[in-house]
Amino acid sequence: MTLAEALRRYGTEVMQFSGSRSAKYHLAKIVETLGPETLVSDVSVRMLSDYVAARRHDVSRYGRPYSPRTINMELFHFRRLMIRAERVWGLPVSATAWPWLPPDASAERHRILTDEEEERLLAAAADHLRPAIEFSLLTGLRLNNTLRLDWSQIDMSVGSISVGIKGGRHLVLPIAPGLRKVLEGLGPKSSGRVFTYRGRPLTTWYCSWRTALRRSGLEGMHWHDLRHTFADRLLKRGARLTDVR
């Protein structure tokens, strides 16, 4: 069976029920690189090691190198495909037990904003992007949770926000005074996306984000660093690490 055939079968049996768009992208990328006509039985640890070495020098469409976490996720999904090929489809497979080849993603750098840098970033941000940045700094939620937030998830009278997070868990956040001010400035509604641009959900945020970074002199910062900043500030104010997590 070729990798292209394996990918199609895996998509039919697994991904159509539980696969995310990112998983499909990761698998398609590694199959394309290793060669769609490559046999599953011919995939070796050496091929995967070469793939990782080449991937470290690739850049995304935004001109940024791929992080160790991204490369790890590509290998993670590919390994699941290979394990299914071996254990369910009965194919001879030689590369299902390889170690993680990229550097540990936990070794990535974390950027923490100072109060002065936060002021510069907010001052440089476009009007439609600034509330989303403030919200992220005040809640620590991931970008996806922030941009997809709906007013129906927010109870201003009770003072809470309900969100579904990674791992199928549910999180209820209190609305502190600073966060309430941000939300009230957006004009609370019964439903509809919280963060919008010209009346539509805020989805094309990256160009505005890069512009804000350039104007504030904070090039190289990632949106996820807002989450790290939130966590760092909580810890410095005496919060327990388990609660921050």
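Just so you know, these numbers come straight off a predicted model, no measurement behind them.
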pair Thr2-Thr38: side-chain heavy atoms closer than 4.5 Å: no
Exercise: do His128 and Ser208 side chains pair donor with acceptor under 3.5 Å: yes
Under 3.5 Å: donor-acceptor pair, side chain of Arg130, backbone of Ala125: yes
Contact check, side chains of Asp150 and Ser191, non-hydrogen atoms, under 4.5 Å: yes
Atom NZ of Lys189 with >12 non-hydrogen neighbours under 6.0 angstrom: yes
Heavy-atom pair of closest approach, residues Leu7 and Ala28: CD2-CA, 4.2 Å
Close side-chain approach of Val163 and Thr139, heavy atoms under 4.5 Å: no
Main-chain N/O of Ser216 paired with Arg120 side-chain donor or acceptor, under 3.5 Å: yes
Under 3.5 Å donor-acceptor, Glu117 side chain and Thr114 backbone: yes
Heavy-atom closest contact (Asn145 atom, Gly164 atom, distance): ND2-O, 2.9 Å
In one Ile/Leu/Val/Met/Phe/Trp/Tyr side-chain cluster, 4.5 Å: Tyr197, Tyr206: yes
ILVMFWY network linking Ile154 to Leu171, side-chain heavy atoms under 4.5 angstrom: yes
CH2-CE distance between Trp89 and Met1, expressed to the nearest 0.5 angstrom: 5.5 Å
Heavy-atom check, side chain of Leu186 versus side chain of Phe195, under 4.5 Å: yes
Glu118 and Leu121, any side-chain heavy atoms less than 4.5 Å apart: no
Spacing of CZ belonging to Arg214 relative to CD belonging to Glu219, to within rounding of 0.5 Å: 8.0 Å
Co-membership, hydrophobic cluster, residues Leu141 and Leu234, 4.5 Å side-chain: no
Straight-line distance of His224 NE2 to Ser136 OG, nearest 0.5 Å: 10.5 Å
Expected output: side-chain Asp50 to main-chain Met47 donor-acceptor under 3.5 Å: no
Nearest non-hydrogen partners of Leu3 and Gly35, listed with the distance: CD1-O, 3.6 Å
Same cluster (ILVMFWY, side-chain, under 4.5 Å), Val93 and Val88: yes
Trp205 and Trp223 aromatic ring geometry - parallel, tilted or perpendicular at 30°/60° bounds: perpendicular
Under 3.5 Å: donor-acceptor pair, side chain of Gln153, backbone of Ser162: yes
Stepwise salt bridge (Lys or Arg N to Asp or Glu O under 4.0 Å) test for Asp115 and Arg233: CA-CA 10 Å; Asp115 292 342; Arg233 290 174 177 177; 3.5 Å; yes
Validation row: Leu75, Leu48 side chains within 4.5 angstrom (heavy atoms): yes
For Arg215 against Ala124, the heavy-atom pair lying closest together: CB-CB, 3.7 Å
Rounded distance [0.5 Å steps], OG1 in Thr229 versus CG in Leu138: 11.5 Å
Verdict with reasoning, Tyr10 to Met82, per side-chain contact (heavy atoms from CB on, under 4.5 Å): CA-CA 10 Å; Tyr10 189 76; Met82 296 290 280; over 6 Å; no
Joint hydrophobic cluster, Val172 plus Leu183, side-chain heavy atoms closer than 4.5 Å: no
Pro188 side chain reached by Trp151 side chain, heavy atoms, under 4.5 Å: yes
Interatomic distance, Arg193 atom CZ to Thr203 atom OG1 [nearest 0.5 angstrom]: 8.0 Å
Value rounded to 0.5 Å, distance of CG in Leu34 from CG in Leu39: 12.5 Å
Arg84 atom CZ, neighbour heavy-atom count above 12 within 6.0 Å: yes
Steps toward side-chain contact (heavy atoms from CB on, under 4.5 Å) verdict (Leu147, Val194): CA-CA 8 Å; Leu147 297 187; Val194 174; over 6 Å; no
Full working for side-chain contact (heavy atoms from CB on, under 4.5 Å) between Leu113 and Leu137: CA-CA 10 Å; Leu113 278 176; Leu137 284 167; 4.2 Å; yes
Leu202 vs Thr196, side-chain contact (heavy atoms from CB on, under 4.5 Å): CA-CA, chis, key distance, verdict: CA-CA 4 Å; Leu202 179 59; Thr196 61; 5.6 Å; no
Matching residue for Leu27 among Glu32, Met15, Glu74 - test: side-chain contact (heavy atoms from CB on, under 4.5 Å): Met15
Main-chain N/O of Gly220 paired with Arg111 side-chain donor or acceptor, under 3.5 Å: no
Close side-chain approach of Phe135 to Leu226, heavy-atom, < 4.5 Å: no
Shortest non-hydrogen separation from Val31 to Ala4 and the atoms involved: CG1-N, 4.3 Å
Backbone N/O of Lys29 and side chain of Thr33: donor-acceptor pair under 3.5 Å: yes
Listed partners of Phe230 passing ring pair (Phe, Tyr, Trp, His ring centres under 6.0 Å), at least two apart: none
Closest non-hydrogen atom pair between Arg142 and Arg227, with its separation: NH2-NH2, 3.4 Å
